[in-house]
Amino acid sequence: MCHLHIVVFFIAEELRKCFGDWGIEDKVFIITVDNAKANDTAIIILKDDFELREVLPIGGRLFHVRCCAHITNLLVQVGLAEIGDIVDSVREGIKYIVASEGRLRKFSDIAKRLQLPGKKLILDVPTRWNSTYMMLATTVQFKDVFPRYHQSDQAFQWLISLEEWEKVENVNQILSIFNDVANIVFGSEYPTSNLFLPEVWRIKEVLLLKCRDNNEYIRAMVSKMSNKFEKYWELEASMDIDNVYSVLHELYEENSRSTSGSTRVAAVKAPIGRSRFLQHVRCNDVVRPAKTDLDVYLEDDIYICENDVNEEDIDAEFEALA
């Protein structure tokens, strides 16, 4: 068995075990995973299992959902590649300094003499863009320390020019927005399905703004990020909207069939014979309206949450069902 097959088998088995431990093996509706080939194959295996037991709503069309957080990661990695040489220099310079307690002490002494903030150097995990952002955001505060450190340690060769530090600062302005979005979408202690769409819109907004930036490298960076964004969102938008409408109606129909007869209308004052007849009709037949409640809901005006709180606090007062 090849390595990929082993990984796929392990992922599927671990998920099965979790479902059993949690007592939800017949209640799983959606699984969200990163865009990895092993994950895709593992989800196919699990979906087959669920379909055999006939426990998936609407034939499992919503079973596999791509992770918004992972797509955001791919988006930013493409952008960071535009200043890849600078990022590599920062990373290698930090590696050199933190590898020796004596070097780190010398670097810290220079920072103290310059009365810089008492923050420490951060070494990133290259595959995690948000850790790279934190590395750059922290390191740029020490930009005046590095040339002074070089004077006392000629072996340190990873000097960043003032022009390059300016690039880092400008890129960080964009990454700070993505970092804010990530902190919301990456949440694990609260539902995020009701939060991600405004954050995706926020990403699109900053990309539209920065595509007209005065700096050519920022425009080039944002262009690549926008292309990746459109690959996952814009180019599939119309098709996905039609699919959502279709799925919503299928879900509504399935729910209507499973709950038919459960809705009761209060009896009106009428002759006893007619009243009992109407009760009999209501208990044995369901007269469908010309439009379902779902149709009425979808055709209704958009609900705008307005209240007396500050704009930053509006989300706290938002009621989805309204």
Side-chain angles (χ1 to χ4, degrees), residues 3 7 34-36 69-183 185-186 188 203 206 210 213-225 228:
H3 177 70
V7 172
D34 292 352
N35 296 349
H70 183 65
I71 292 173
T72 303
N73 179 49
L74 298 177
L75 195 71
V76 180
Q77 292 288 6
V78 168
L80 278 172
E82 193 64 25
I83 58 167
D85 292 343
I86 300 176
V87 174
D88 289 341
S89 292
V90 171
R91 184 181 294 123
E92 294 304 315
I94 294 175
K95 281 183 182 179
Y96 176 83
I97 292 172
V98 301
S100 164
E101 189 173 330
R103 298 171 194 162
L104 187 58
R105 188 184 306 112
K106 185 185 298 184
F107 187 90
S108 299
D109 289 343
I110 297 173
K112 289 178 182 177
R113 288 202 304 269
L114 295 177
Q115 298 182 336
L116 294 176
K119 292 187 178 182
K120 297 181 179 179
L121 292 172
I122 297 175
L123 184 61
D124 71 332
V125 179
T127 56
R128 294 175 54 197
W129 74 266
N130 49 329
S131 73
T132 302
Y133 161 69
M134 294 304 299
M135 178 184 74
L136 295 175
T138 302
T139 306
V140 75
Q141 299 179 55
F142 297 103
K143 63 183 180 182
D144 294 327
V145 178
F146 288 99
R148 290 169 172 81
Y149 178 84
H150 172 68
Q151 292 173 2
S152 61
D153 184 357
Q154 296 297 312
F156 181 81
Q157 300 296 324
W158 298 276
L159 287 176
I160 309 297
S161 68
L162 290 178
E163 182 182 356
E164 289 173 327
W165 280 124
E166 183 180 355
K167 286 186 177 182
V168 170
E169 290 175 333
N170 289 332
V171 169
N172 279 350
Q173 290 179 6
I174 299 176
L175 296 185
S176 66
I177 303 297
F178 281 81
N179 190 58
D180 290 344
V181 170
N183 288 335
V185 177
F186 288 20
S188 59
I203 288 175
V206 73
K210 291 298 182 178
D213 195 89
N214 293 330
N215 296 299
E216 183 178 353
Y217 63 90
I218 291 291
R219 295 197 302 272
M221 171 184 174
V222 169
S223 175
K224 293 179 180 179
M225 295 172 73
K228 182 69 76 171

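The structure displayed is predicted, hence computed values, not measured ones.
- Using a 4.5 Å heavy-atom cutoff, the side chains of Ile86 and Val171 are not in contact.
- Using a 4.5 Å heavy-atom threshold, the side chains of Val87 and Leu136 count as touching.
- Summarising the geometry of Glu169 relative to Val140, their closest heavy-atom pair is CG-CG2, 3.5 Å, with the distance given to 0.1 Å.
- Distance CE/Met134 to CZ/Arg128: 11.0 Å, rounded to 0.5 Å.
- Between Pro126 and Gln77, the shortest heavy-atom distance links the atoms O-NE2, 3.2 Å.
- Residues Asn170 and Gln173 form a side-chain contact, since some pair of their non-hydrogen atoms from C-beta on lies under 4.5 Å apart.
- Taking all atoms of both residues into account, the shortest heavy-atom contact from Met221 to Gly79 is CG-O, 3.4 Å.
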Next on the checklist: Test side chain to side chain contact (heavy atoms under 4.5 Å, CB included) on Met225 and Phe178; report intermediate values, then the result.
Outcome noted: CA-CA 12 Å; Met225 295 172 73; Phe178 281 81; 3.5 Å; yes
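- With rounding to the nearest 0.5 angstrom, the OG atom of Ser161 is 9.5 Å from the CD atom of Glu166.
- For Phe142 and Tyr149, the distance between ring centers is not under 6.0 angstrom.
- Distance check: Ile110 CD1 to Ser152 OG gives 4.5 Å after rounding to the nearest 0.5 Å.
- Using a 4.5 Å heavy-atom threshold, the side chains of Phe146 and Ile160 count as separate.
- The nearest pair of heavy atoms linking Met135 to Ile122 is CG-O, 2.9 Å.
- Donor-acceptor pairing under 3.5 Å is lacking for the side chains of Tyr133 and Asp124.
- Inter-residue side-chain proximity for Leu74 and Trp129 is flagged as unmet; no heavy-atom pair is nearer than 4.5 Å.
- To the nearest 0.5 Å, atoms CD1 (Ile203) and CD1 (Ile174) are separated by 12.0 Å.
- Rounding to the nearest 0.5 angstrom, the gap separating the OG atom in Ser108 from the CG atom in Leu121 is 7.0 Å.
- Taking the charged nitrogens against the carboxylate oxygens, Glu92 and Lys95 do have a contact shorter than 4.0 Å, which makes a salt bridge.
- To the nearest 0.5 Å, atom CD1 of residue Ile97 and atom CG of residue Leu123 are 11.0 Å apart.
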Next on the checklist: What verdict does the side chain to side chain contact (heavy atoms under 4.5 Å, CB included) test give for Tyr96 and Asp153, after you've listed the backbone C-alpha separation in whole Å, the side-chain angles of each residue and the deciding distance to 0.1 Å?
Outcome noted: CA-CA 11 Å; Tyr96 176 83; Asp153 184 357; 2.9 Å; yes
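- The salt bridge (Lys or Arg N to Asp or Glu O under 4.0 Å) with Glu82 is formed by just one residue from the set Arg219, Lys224, Lys210, Lys167; it is Lys224.
- Judged by distance alone, the side chain of Asn183 and the main-chain N or O of Asn179 form a donor-acceptor pair under 3.5 Å.
- For Asp88 and Arg91, the salt-bridge test passes: some basic side-chain N is under 4.0 Å from an acidic carboxylate O.
- For Gln154, the CD atom sits in a packed shell: over 12 heavy atoms of surrounding residues, nucleotides or ligands are nearer than 6.0 Å.
- Contact between Val90 and Trp165 at its shortest, heavy atoms only, is CG2-CH2, 4.3 Å.
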Item to check | Leu80 vs Leu175, side chain to side chain contact (heavy atoms under 4.5 Å, CB included): CA-CA, chis, key distance, verdict | outcome: CA-CA 9 Å; Leu80 278 172; Leu175 296 185; 3.7 Å; yes
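- Closest approach of His150 to Phe156, counting heavy atoms only: ND1-O, 2.7 Å.
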